[in-house]
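All remarks here apply to the structure that follows.
Order of the sequence lines fixes the chain letters, A, B, ..., with proteins taken first and strands second; residue numbering starts at 1 for each chain.
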Number of protein chains: 2
Amino acid sequence: MEKGTKKKCTVRFEPSGLKTEVPTGTVLLEAAHQAGIYLSSICGGDGYCGKCKVIIDSSEAVQRRPTALLTPDEIRQNVLLACQSQVLSDVTVTVPPSHCLEKNQILMDANAHRFSELAGDVPAEGFEYDPLVRKIYVEMSAPTVHDHTADHERLYLAIREKIDAPIMQTGFRILQKLPALLTKGDYKATVTIGRRGQTTEVIEVEAGNHSTRNFAVAVDLGTTTVVAHLVDLTNTTTVDTEATYNSQINFGEDYIRRIIYAEENDAFDEMQNRIVHDVNGLIVTLAERSRIDLQEIAAVICSGNTAMVHFLLNLDPRRIRREPYVASASFVPPIRAAEAGIQINKRGLLYCLPSVAAYVGSDIVAGVLTTRLFAKRGVCLFVDIGTNGEVVLGNRDWLVCASSSAGPAFEGSSVKHGMRAGAGAIERLSILEDGSVKFKTIGDDPPVGICGSGLLDTLAELFVNGLIDRTGRFTAGTSDNTHLSESDEGLQFQLVPPIDGHHEIVITQADIDNLVRSKAGVFAAIKILMVSTQTKPEDLKAIYLAGGFGNFLNVRQAVTIGMLPDVPVEKIHFVGNTSIAGAKVVLLSRQALEAAEKIAGSMAYFDLMSHPDYMDEFIRARFLPHTDLSLFPSVQKINRRYDT
Amino acid sequence: MEKGTKKKCTVRFEPSGLKTEVPTGTVLLEAAHQAGIYLSSICGGDGYCGKCKVIIDSSEAVQRRPTALLTPDEIRQNVLLACQSQVLSDVTVTVPPSHCLEKNQILMDANAHRFSELAGDVPAEGFEYDPLVRKIYVEMSAPTVHDHTADHERLYLAIREKIDAPIMQTGFRILQKLPALLTKGDYKATVTIGRRGQTTEVIEVEAGNHSTRNFAVAVDLGTTTVVAHLVDLTNTTTVDTEATYNSQINFGEDYIRRIIYAEENDAFDEMQNRIVHDVNGLIVTLAERSRIDLQEIAAVICSGNTAMVHFLLNLDPRRIRREPYVASASFVPPIRAAEAGIQINKRGLLYCLPSVAAYVGSDIVAGVLTTRLFAKRGVCLFVDIGTNGEVVLGNRDWLVCASSSAGPAFEGSSVKHGMRAGAGAIERLSILEDGSVKFKTIGDDPPVGICGSGLLDTLAELFVNGLIDRTGRFTAGTSDNTHLSESDEGLQFQLVPPIDGHHEIVITQADIDNLVRSKAGVFAAIKILMVSTQTKPEDLKAIYLAGGFGNFLNVRQAVTIGMLPDVPVEKIHFVGNTSIAGAKVVLLSRQALEAAEKIAGSMAYFDLMSHPDYMDEFIRARFLPHTDLSLFPSVQKINRRYDT
């Protein structure tokens with residue numbers, strides 16, 4: 001050991017070939033970050049999630065802390081946890097593809113890109129076209145001795161002939177350059193205006209007609225994936241889409257971890273820098289690809305959970321994770337994008353959709369908006385499965401919501417071979433009567449892991465086929481099943497044998513427990529809201545299921561495992577990424593923003609953590625489908641078929 | 001001559017003792033400026049106003065251009081025009097007190113200070129107390145699990161319990177620090193809010209109660225004098241007042257000259273720097289004297305002519321002086337004071353009262369507001385005599401206005417011994433039957449010159465006593481008058497003989513011509529407005545005369561010379577500096593701002609320069625009191641008494 005000497009070591013990462021130089025003693029996770037490699041890390045570097053496994057070429061090159069998360073086999077193969085290892089000398093590190101989010105490949109990442117496409121062009125149904133920012137071409141008459149109206153007021157008069165803008169404001173810099181611009185353009189000018197609440201701001205003035213070039217970017221600030229859509233505001237089309245992984249990810253996979261990390265390391269600026277960097281990267285890519293100047297993008301609109309919005313704006317997020325769980329702001333006023341470091345037109349605006357509470361963010365408001373839950377006559381349910389499971393119940397008269405912090409199992413986290421919906425992820429799976437497994441991967445690539453929809457299938461199929469019992473335990477009767485084996489981590493079911501050099505894909509008892517816990521949290525939240533509002537399953541006119549599952553979600557399975565109430569399957573609609581869809585609708589219609597504000601302001605939030613019945617409901621829901629089978633008559637029927 | 005060598009010369013100015021080093025060949029006016037001496041200069045350095053006369057100790061030390069503005073006597077006494085002289089070697093320059101505005105003495109300048117006091121505490125008569133900026137102390141309940149309202153919305157709720165603020169906005173920086181502040185103060189906080197049109201902005205948030213410390217500064221941006229009043233917004237009192245000379249003055253005494261200078265020398269930034277420097281100097285002095293931290297000043301409100309407001313904000317003023325004479329902005333939105341370089345609370349606001357046109361500025365709107373012309377049932381006339389003579393006629397139903405560019409004679413400019421209303425200025429004057437002159441000076445100091453009210457008296461008394469005829473010519477019958485003498489410049493009347501080493505004070509034929517021209521311009525403007533609106537003198541319920549005349553203006557004399565219509569003297573009110581008074585009223589009442597906006601927006605502007613009758617009216621008014629004596633029956637009576 002050469003600890004203490006500050007020799008520099010070269011750390012090379014494969015397969016990317018990215019290199020970095022670090023002083024002896026540097027933690028490998030940090031070295032990776034420095035090289036631009038984003039390793040998965042749920043625990044934020046605390047050494048207990050086991051997600052940052054990498055392989056080194058020489059066991060002498062690092063100093064590792066003991067861990068129970070590595071099998072003897074893994075230790076022999078020089079596998080280690082990057083967060084628990086310090087670099088001692090030059091070393092080459094191989095990063096398993098499933099654990100790596102390489103910065104350089106992010107923008108071309110087909111997986112993320114694919115996810116972004118889940119939300120197509122959502123028409124601003126029911127909302128009037130009136131974008132938050134727009135370019136208006138105005139032709140004014142030049143002043144004469146008989147018409148000496150000042151330039152500023154002349155411009156206002158011209159704008160008001162075109163749009164409804166009783167309250168207007170103009171920035172000082174615009175005012176200063178206005179006379180020169182109007183003179184230059186012979187009093188023909190393009191005005192970019194932005195809506196700030198009831199106020200209409202003159203964001204930019206250009207000589208001549210540039211009104212056909214008016215773009216904005218809608219962003220879904222996901223905890224895992226950041227998605228951006230470039231929108232042509234003149235005709236409402238989505239020009240292009242792009243996505244990237246949230247580069248905060250190696251500070252923790254869920255936002256609570258990230259808040260803790262930021263608090264302990266005074267890293268709020270760093271958190272902001274990362275997410276801003278991600279958003280800027282997306283914008284630049286979109287702009288370059290469509291040959292748009294950044295100056296032609298006059299607005300960015302963001303939707304996301306409350307913590308992500310706080311990180312983006314560097315608003316204090318600490319009390320989001322502490323009783324009484326409050327946000328700094330639920331209604332963030334539009335600001336100049338440059339103030340947050342977002343690189344568009346230097347006077348362009350950054351909008352954030354309003355949120356409801358610390359655990360019900362603007363992404364959920366966007367969901368309610370997109371599904372038009374807020375306008376329905378009959379009671380509907382909206383469920384968004386992500387890191388948390390947020391639930392909204394209601395109609396045009398009332399809306400209630402809650403957030404279950406049951407964990408991100410259906411996002412692939414806390415599941416051994418879980419992964420995000422990306423290339424090679426098993427997105428559909430069925431178990432045949434002979435116990436063999438049929439599956440389909442995204443992109444038909446060789447299987448790498450299982451994404452949300454695949455996990456839903458897996459749990460349902462194991463259950464329906466009697467391979468697990470109602471408590472989620474592997475059944476005794478399956479002990480002769482050749483797919484079932486005992487590992488260091490307990491019983492596990494092999495879904496896919498090793499093929500073409502790819503590792504086998506299994507589901508472990510711990511995975512099943514996590515999935516059951518996750519679905520139980522969601523169902524308990526739904527139950528609390530339904531009981532509180534005296535809503536019966538038969539009252540539900542529709543269920544909207546949102547999240548990054550995979551394109552071919554079999555929604556029936558969500559009922560089978562008892563995650564969603566037992567309603568006819570045709571009432572359940574998978575709606576994909578409603579966060580970005582809602583952001584786009586708002587971007588295109590001031591009415592939609594007003595609706596979003598009304599939704600956020602009027603939705604009643606149920607704090608489950610302090611709710612007296614939540615724990616009981618949660619425990620009851622930790623059975624498949626539930627302790628109370630009468631709640632799931634359709635499942636009772638299926639199950640009986642296999643039980644006999 | 002040593003032209004071409006770049007030797008440095010030391011120029012010392014007396015009596016201040018200020019020194020500077022300049023290269024050989026530097027124009028003396030520039031050297032003075034560099035030393036911090038502000039010399040009067042009407043022509044902006046073009047060499048024809050003759051106002052920058054100084055005396056040098058050695059005729060060899062400078063190179064002078066020939067000029068007709070110096071008498072042989074003056075040339076012998078080493079008097080020269082600073083703008084027409086280049087420094088050749090070390091020199092000592094004596095600046096006559098009446099020509100010098102020393103930077104270092106400005107803040108203590110009794111003259112300017114005195115002028116500032118002409119506008120006392122004007123109560124916000126008829127307007128509701130609702131300051132544009134205010135501090136509100138709010139006590140909120142801290143969030144609980146049952147009340148998870150975000151900090152930002154919690155604050156809004158608390159503010160709205162105290163004041164009417166349907167539309168609110170908060171700056172990004174405030175939002176960022178809000179949670180820490182609220183937590184620190186246990187949700188007891190002082191909020192500084194500012195009105196921006198219909199929007200209420202949260203300017204500042206402080207923990208605890210600081211609501212008793214709430215100050216703002218009202219500024220009158222005069223072309224000659226800048227006046228500032230420190231106002232305690234909690235109780236509407238004027239805490240202190242201060243004034244300074246506008247340090248743009250050596251770029252020209254009227255603003256047209258300054259615009260030309262700025263345009264020719266690309267000196268718009270310099271123009272802004274000067275006026276901003278003046279305003280900042282006043283604010284610092286006021287704050288220090290009252291032991292107020294600049295952070296406790298949350299707003300500055302400015303009133304002034306359109307050009308001065310443009311200079312302050314560095315808005316392009318060039319078209320103010322060119323057909324079609326338009327402003328960049330008549331309604332300047334509130335901006336952050338820091339954006340214009342004004343040093344108060346760094347998030348404090350700068351308001352500018354709205355103006356009507358290029359030649360009818362916000363000072364005139366302030367006058368209409370202060371005199372409540374806009375609310376009168378009967379028709380009233382408002383006349384502001386400054387560099388221009390602005391005239392407003394109207395009542396609560398209609399308002400018309402015009403500006404006569406007849407020159408600043410009554411401000412003391414273009415009059416040989418004219419001066420501003422300051423110590424030693426003759427402010428009252430009468431000529432006895434024996435031709436001897438009785439006078440009173442400001443501060444009862446030895447006479448130095450004649451200010452506006454004294455000039456009015458002089459013109460009227462010369463006329464009433466038959467010393468000048470109705471064309472303003474010295475009468476033949478007075479040629480035996482011992483006070484009358486022939487000088488290089490023609491006939492002149494000695495008002496004060498040389499006393500105690502002070503020079504004699506005379507009024508020349510040229511002075512009289514300038515004064516008559518000036519009053520003729522004002523009367524012609526009034527006439528045009530009255531004829532256009534079919535208003536007869538007997539219809540006038542009141543005349544309000546504003547300007548920096550001197551405290552003891554004999555308004556009757558304004559009728560005698562034919563500047564104001566012939567109405568009973570009790571109808572004429574001298575109202576002093578209504579510009580600063582109006583600014584203060586607006587500062588204290590949002591209603592007043594709305595009234596000012598309505599006034600500025602609805603007042604009809606008559607462009608006299610393009611008016612077909614103006615020149616005729618002007619020529620008719622160049623008689624004393626007028627060609628048409630029937631317009632001045634009361635003057636006809638007086639005059640007759642002396643004519644007999």
Which residues share a side chain to side chain donor-acceptor pair (under 3.5 Å) with B:Glu204, sequence neighbours left out: B:Lys177
A:Phe311 to A:Pro317 - nearest heavy-atom pair and separation: CE2-CG, 4.0 Å
Which of A:Gln176, A:His146, A:Met168 touches chain B most, by non-hydrogen pairs under 4.5 Å: A:Gln176
Which of the residues A:Pro334, A:Pro166, A:Pro179, A:Ser328 is involved in the greatest number of heavy-atom pairs with chain B at under 4.5 angstrom? A:Ser328
Quick one, A:Asn388 with A:Tyr255, criterion side-chain contact (heavy atoms from CB on, under 4.5 Å). Give me CA distance, side-chain angles, the key distance, then yes/no. CA-CA 10 Å; A:Asn388 293 335; A:Tyr255 60 72; 2.9 Å; yes
Ranked by heavy-atom pairs below 4.5 Å to chain B, first place among A:Thr199, A:Asp607, A:Ile167 goes to A:Ile167
Does B:Glu263 have any side chain to side chain contact (heavy atoms under 4.5 Å, CB included) partners at least two apart in sequence or in another chain, and if so, which? B:Ile259, B:Phe268, B:Arg318, B:Arg321, B:Arg322
Under 4.5 Å from any heavy atom of chain B, what part of A:Ile335 do you find: side chain, backbone, both or neither? side chain
Residue part contacting chain B, namely of A:Glu339, when any heavy atom lies under 4.5 Å: both
Can you name the closest pair of heavy atoms from B:Ile342 and B:Asn280 and give their distance? CA-OD1, 3.4 Å
Considering only heavy atoms and a distance below 4.5 Å, find which of B:Thr149, B:Leu313, B:Thr170 pairs most often with chain A. B:Leu313
Is there side-chain contact between A:Tyr187 and A:Arg154, with at least one heavy-atom pair below 4.5 Å? yes
Using a cut-off of under 4.5 Å for heavy-atom pairs, which of B:Leu182, B:Thr183, B:Asp147, B:Asn314 has the most such pairs with chain A? B:Asn314
Is it the case that over 12 heavy atoms from other parts of the model lie below 6.0 angstrom from the NZ atom of B:Lys598? no
Search all heavy atoms of B:Pro324 against all heavy atoms of A:His148 and return the closest pair with its distance. O-CB, 4.3 Å
Heavy atoms only, distances under 4.5 angstrom: which of A:His310, A:Arg173, A:Arg196, A:Glu323 has the most pairs with chain B? Name it, please. A:Arg173
When heavy-atom pairs shorter than 4.5 Å are enumerated against chain B, which of A:Leu178, A:Leu155, A:Val326 gives the highest number? A:Val326
Yes or no on salt bridge (charged side-chain N to carboxylate O under 4.0 Å, His left out) for B:Arg347 and B:Glu201, after CA distance, side-chain angles and deciding distance? CA-CA 11 Å; B:Arg347 296 187 52 78; B:Glu201 186 191 350; 3.5 Å; yes
Pairs of heavy atoms under 4.5 Å with chain A: top-ranked of B:Gln198, B:Gln169, B:Arg319: B:Arg319
Taking every heavy atom of B:Asp363 against every heavy atom of B:Ser303, the minimum-distance pair comes out as CA-OG, 3.3 Å
Under 4.5 Å, heavy atom to heavy atom, which residues of residues 351-360 of chain A contact chain B? A:Val356, A:Ala357
Using side chain to side chain donor-acceptor pair (under 3.5 Å) as the criterion, list what pairs up with A:Glu206, not counting sequence neighbours. none
